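Written below as structure tokens is the structure these notes are about.
What you are looking at is a predicted structure, and each value in this text was computed from that prediction instead of being measured.
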Amino acid sequence: MTKFLLAVHVIAAILAVGPVAVAASMFPPAARRALATATATARSTATAPSTATAPSTATATAPSTATAPAQTGTVGPGGFTDPSGFGGSGGIDGFGGSDATGTLRLLHRICRVYAVVGVVVPVFGFATASRMGVLGSTWLIVSIALTALAALVLAALVLPAQSALVEGDGTAGVTARLAMYTGLFNLLWAAVTVLMIVRPGSTTGA
């Protein structure tokens, strides 16, 4: 039974915490690229020359024999034609394009969903430790404290910052802080992993 609980505990840690660590680490670079694209788009729009022309002095014009090709797709705000047919203005939620925003939303969803699934890890961890009789061991107590701190960093710092960036309310400063929070989260989990493997002071061989 102990081996079964330990196996579930380890597998849950790999399948639940692993995706969160990877997706959270990928989020800040993706957010920086999205913000850079949005900034470049805004600058190019602001510096675009005016297309207004002087009124024609001609009193009559000959009917044109050529017709412009029909526009396919839909026209979004600002006259932007979306060839995909879904409409849009070339940017979503303040970012430079739907691809960038879609990537951020996907990474954020992975972090949220697997964070909930990750509750299985400490549950089976406690069950395993109880079966092994090591609940009072120093290394386990420290591991529990670091795990709780990592969960707090994820819930209170990482996920809210990701949400702000996904909704288009973030800035370069928010992205930089998010990278720091994510690094702290990963460092805490790395420390927990080392403690679980080394188990300093442990007298059990299981």
Side-chain angles (χ1 to χ4, degrees), residues 1-35 101 103-206:
M1 188 63 178
T2 300
K3 291 182 178 179
F4 170 76
L5 293 174
L6 180 59
V8 174
H9 173 61
V10 173
I11 292 173
I14 294 173
L15 298 181
V17 181
V20 175
V22 173
S25 298
M26 294 174 62
F27 195 99
R32 281 193 291 267
R33 288 192 297 269
L35 288 172
T101 306
T103 299
L104 295 181
R105 290 188 182 280
L106 175 61
L107 294 174
H108 181 54
R109 187 179 304 115
I110 291 173
C111 290
R112 286 190 293 107
V113 172
Y114 281 92
V116 175
V117 177
V119 174
V120 175
V121 177
V123 170
F124 278 88
F126 274 111
T128 304
S130 179
R131 294 282 298 186
M132 295 173 61
V134 295
L135 283 175
S137 300
T138 303
W139 65 268
L140 183 62
I141 295 174
V142 174
S143 297
I144 293 172
L146 293 179
T147 300
L149 183 58
L152 180 62
V153 170
L154 179 64
L157 299 176
V158 175
L159 293 180
Q162 288 182 354
S163 297
L165 288 165
V166 166
E167 297 303 325
D169 297 330
T171 61
V174 174
T175 305
R177 288 192 295 272
L178 175 59
M180 180 182 66
Y181 301 151
T182 303
L184 177 60
F185 171 78
N186 290 336
L187 181 62
L188 289 170
W189 270 113
V192 171
T193 303
V194 171
L195 284 173
M196 290 294 179
I197 295 174
V198 177
R199 293 184 296 174
S202 174
T203 57
T204 62

Would you check, one step at a time, whether the test side chain to side chain contact (heavy atoms under 4.5 Å, CB included) holds for Val134 with Trp139? CA-CA 9 Å; Val134 295; Trp139 65 268; 4.2 Å; yes
Reported [atom1]-to-[atom2] distance for the pair [X] and [Y], which is rounded to 0.5 angstrom:
X	Y	atom1	atom2	result
Leu157	Met180	CG	CE	8.0 Å
Arg33	Thr175	CZ	OG1	11.5 Å
Ile197	Arg199	CD1	CZ	10.0 Å
Phe27	Thr103	CZ	OG1	10.0 Å
Leu159	Leu178	CG	CG	9.5 Å
Thr101	Leu165	OG1	CG	11.0 Å

Answer whether the closest heavy-atom distance between the side chains of Ile110 and Val20 falls below 4.5 Å. no
Please list, one pair per line, the donor and acceptor atoms closer than 3.5 Å that link side chains of residues 185-195 to other protein atoms, with sequence neighbours excluded.
residue	atom	partner	partner atom	Å
Asn186	ND2	Ser25	OG	2.9
Asn186	ND2	Thr182	O	3.4
Thr193	OG1	Trp189	O	2.8

Met26 atom CE, neighbour heavy-atom count above 12 within 6.0 Å: no
Quick one: do Val10 and Phe124 satisfy side chain to side chain contact (heavy atoms under 4.5 Å, CB included)? Show the steps, please. CA-CA 9 Å; Val10 173; Phe124 278 88; over 6 Å; no
Testing the basics here: between [X] and [Y], what is the closest heavy-atom pair and its distance to 0.1 Å?
X	Y	value
Leu107	Ala30	CD1-CB, 4.3 Å
Ala23	Cys111	CB-SG, 3.8 Å
Ala156	Pro160	O-CG, 3.4 Å

After noting the C-alpha distance and the side-chain angles of Val174 and Thr171, does the key distance pass the side chain to side chain contact (heavy atoms under 4.5 Å, CB included) rule? CA-CA 5 Å; Val174 174; Thr171 61; 3.6 Å; yes
Please, which pairs that meet side chain to side chain donor-acceptor pair (under 3.5 Å) have at least one residue in residues 108-129, sequence neighbours excluded? His108-Arg112, His108-Gln162, His108-Ser163
Check against side chain to side chain contact (heavy atoms under 4.5 Å, CB included), Leu140 and Met196: CA-CA 8 Å; Leu140 183 62; Met196 290 294 179; 4.1 Å; yes
